[in-house]
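Down below is the structure, laid out as structure tokens.
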Amino acid sequence: MLAARASSTRNVQRLARSFATVVDTTGVKVAAVDYNQPTSSVTILVKAGSRFEPKKGVANALKNFAFKSTTKRSTIGTVRESDLYGGVLTSSLGREHLALTAEFLRADAPFFVDVLSSFITSARFTRHEFEEYVTPLVEADTEAVSHDSATQAIEAAHALAFRSGLGSSLFSPAHSGLTVEDVKAFAATAFSKGNIAVLGTGIDQGTLSGLVEKAFANAAASNEATTPTSKYFGGETRLEASSGPQTVFFGFGTAGAPVPEVAALAAYLSPTPSVKWSKGLSPLAAVPEGTSVQTIYLPYSDASLFGLLVQGSTAAGVKEASKVAVAALKAAAKGIKAEELKSAVAKAKFAAASAADTREGLVNVLGSKILSGSPATLDATLSSLDSVKATGFSKTATSLISAKPTYVVVGDSHALPYADELGL
Amino acid sequence: MFGPLGLSLAPYVQSSRTLSKWITPVANWYVNAAGYRKYGFKYDDILVEENPTVQRALTRLTPREKYDRAYRLKRASQASVLHAPLPKELWITEAEDVRYLRPHVEEVAKEEEERKKWDNLIVQRK
């Protein structure tokens with residue numbers, strides 16, 4: 001018992017010092033976490049996700065333009081110099097943010113912060129680089145997603161659920177007609193101080209603030225990017241795909257800040273077993289052989305999308321599995337037992353906490369908090385999950401599934417079920 | 001000095017006011033005497049293009065510039081077939097004879113130079 005108490009107090013301490021406070025350095029928000037790792041990483045988060053894009057595919061093109069030539073150094077200079085320092089540069093795009101990340105050895109922070117910030121402050125956006133390097137990457141992204149039914153289904157679900165804003169795709173359309181001028185104009189509006197946050201791991205807050213202050217000393221300061229608040233619509237679409245697994249996605253969205261009850265519902269339904277080689281106790285564990293179900297829970301700053309993704313090799317199997325999934329979701333909305341709720345909450349809390357363990361996860365979890373200037377900790381998320389009650393759970397779940405469903409099938413669209421056949 | 005653009009003393013001449021005052025009329029006479037403008041060429045159309053640097057620079061022209069260049073080349077070969085310069089109203093004037101390709105060639109050359117620098121870099125431990 002003593003040992004248990006000791007370990008729980010240690011946990012509290014660790015949580016308390018886990019995340020740094022957000023400091024505003026010359027208009028740029030900076031947060032740093034240091035666990036004494038041997039390597040550091042710095043991520044520049046820009047409010048330039050696909051929901052802010054003025055033209056389809058611009059955000060994806062901007063993501064692929066990262067680390068090309070700037071007035072400070074050329075493309076090859078960036079690549080070769082980072083090679084010499086042994087760092088890794090990545091850029092990734094979400095619906096809300098564009099994240100530019102550098103991972104490097106601790107001593108090399110000044111160089112890598114400079115590489116990241118010079119793209120923000122002085123990228124050249126040359127036409128030949130757009131045509132020679134960026135367009136092939138944009139097309140490759142589009143090509144890759146056209147072979148991935150799950151991603152395709154979730155993209156289509158976003159478009160149905162939120163239409164504009166969050167509905168715009170992370171990928172460029174196949175024949176987008178984008179020009180470098182579009183990318184340049186988007187970057188000019190997005191790359192201003194109010195839209196930028198810097199998140200460091202394995203780096204001291206003071207060091208990072210100093211570097212950021214120097215780097216963004218003469219960055220443009222303009223208004224924060226805003227979009228109309230998201231609304232949920234829903235609808236049905238059927239996409240024909242000749243290859244890949246048969247896929248059904250059905251989900252429900254909510255406008256407004258994500259609520260912990262939905263996270264608990266996702267954890268309750270999630271069929272991922274906690275022990276290897278077991279089927280788990282989830283109500284979705286009963287789906288037929290050869291099919292799989294995943295819970296998808298995507299919280300955004302002002303909306304969230306929750307749904308179940310059913311995949312399998314045959315349309316008949318997927319239809320059967322989808323029926324099981326719909327029945328499980330409806331049963332969950334009627335109310336679940338207290339101990340089931342307890343384990344679901346524990347599972348959700350673990351998922352939320354362990355997501356912050358990896359670098360990408362940390363950026364996803366804390367990114368929006370840092371940008372909005374609220375304290376960059378997990379405490380609020382975890383304590384809100386603690387306060388989930390059985391009545392609130394069933395009330396939220398009932399109102400969630402009473403909305404118009406978002407229903408997407410990808411695959412053999414003649415054989416895959418329609419929404420009304422599943423009782424949605 | 002012997003880049004894809006060829007040997008040029010122009011920067012030196014332009015840096016000296018006296019020299020450029022003396023040489024500019026001669027240069028203008030020489031350009032007209034060379035006769036490429038009479039065949040509807042701009043100077044960058046007759047730049048030696050049989051090397052990778054200029055080939056890469058050519059891909060960086062805008063579609064409009066590429067089209068116009070191809071048109072001038074075809075028009076000039078037709079004039080060559082006819083063994084006569086173009087009619088005078090089609091001659092390229094001094095104002096039209098802009099170096100549209102030179103900035104791209106210079107940039108490609110600079111990139112190649114930089115690549116060479118990085119390829120032959122000697123790294124020293126500090």
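Letters A, B, ... mirror the listed sequences (proteins, then strands); counts begin at 1.
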Would you mind reporting whether Thr62(B) and Arg127(A) have side-chain heavy atoms less than 4.5 Å apart?
-> yes

Arg99(B) CZ: over 12 foreign heavy atoms closer than 6.0 Å = yes

Under 4.5 Å, heavy atom to heavy atom, which residues of residues 34-61 of chain B contact chain A?
-> Arg56(B), Thr59(B), Arg60(B), Leu61(B)

For atom CD of Glu89(B), is the number of surrounding heavy atoms from other residues, nucleotides or ligands below 6.0 Å larger than 12?
-> yes

Crowding at CD, Glu94(B) (>12 non-hydrogen neighbours, <6.0 Å) | no

Rounded distance [0.5 Å steps], CD1 in Ile76(A) versus NZ in Lys117(B) | 9.5 Å

Can you tell if the side chain of Trp118(B) reaches within under 4.5 Å of the side chain of Asp83(A), non-hydrogen atoms only?
-> no

Going by an N to O cut-off under 4.0 Å, is there a salt bridge joining Glu107(B) and Arg124(A)?
-> yes

More than 12 heavy atoms of other residues, nucleotides or ligands under 6.0 Å from NZ of Lys214(A): is that the case?
-> no

Just how far is it from atom CZ of Arg80(A) to atom CG of Leu121(B), taken to the nearest 0.5 Å?
-> 9.5 Å

All heavy atoms of Ser74(A) vs all of Glu114(B), minimum pair found to be OG-OE1, 2.6 Å

